[in-house]
Amino acid sequence: MKQLIEFQIFNHSDALTFGLKVINKIQQNHLKPVRIRVLYDNDIIFQYMMDGKKDDKWLNMK
């Protein structure tokens with residue numbers, strides 16, 4: 001599921017904090033592994049693939 005989230009103010013540190021919070025929430029709730037990518041001005045500033053995810057082809061299609 002792709003979800004667009006927009007912020008009034010956002011920087012690279014915010015991307016790290018946001019990405020880690022998403023990952024922690026998934027782990028705490030024992031949800032299915034995910035791939036997450038955070039873009040800023042079309043640059044990847046955070047990306048993580050949880051165990052069980054093998055490549056980022058799916059992310060590249062989004």
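Side-chain contact between M50 and Q27 is present, with at least one heavy-atom pair separated by less than 4.5 Å.
Shortest non-hydrogen contact noted between I44 and R37 is CD1-NE, 3.6 Å. Across every non-hydrogen atom of I36 and G19, the tightest pair is CD1-CA, 4.1 Å. Closest non-hydrogen pair, K32 versus I26, comes out as O-CG2, 3.6 Å.
For L16, the side chain to side chain contact (heavy atoms under 4.5 Å, CB included) partners at least two apart in sequence or on another chain are L20, F46. The side chain to side chain contact (heavy atoms under 4.5 Å, CB included) test applied to N29 returns K25, L31, not counting sequence neighbours.
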Contacts table for residues 4-13: side-chain donor-acceptor under 3.5 angstrom, sequence neighbours left out:
from, atom 1, to, atom 2, distance (Å)
N11, OD1, S13, N, 3.0
N11, OD1, D14, N, 2.9

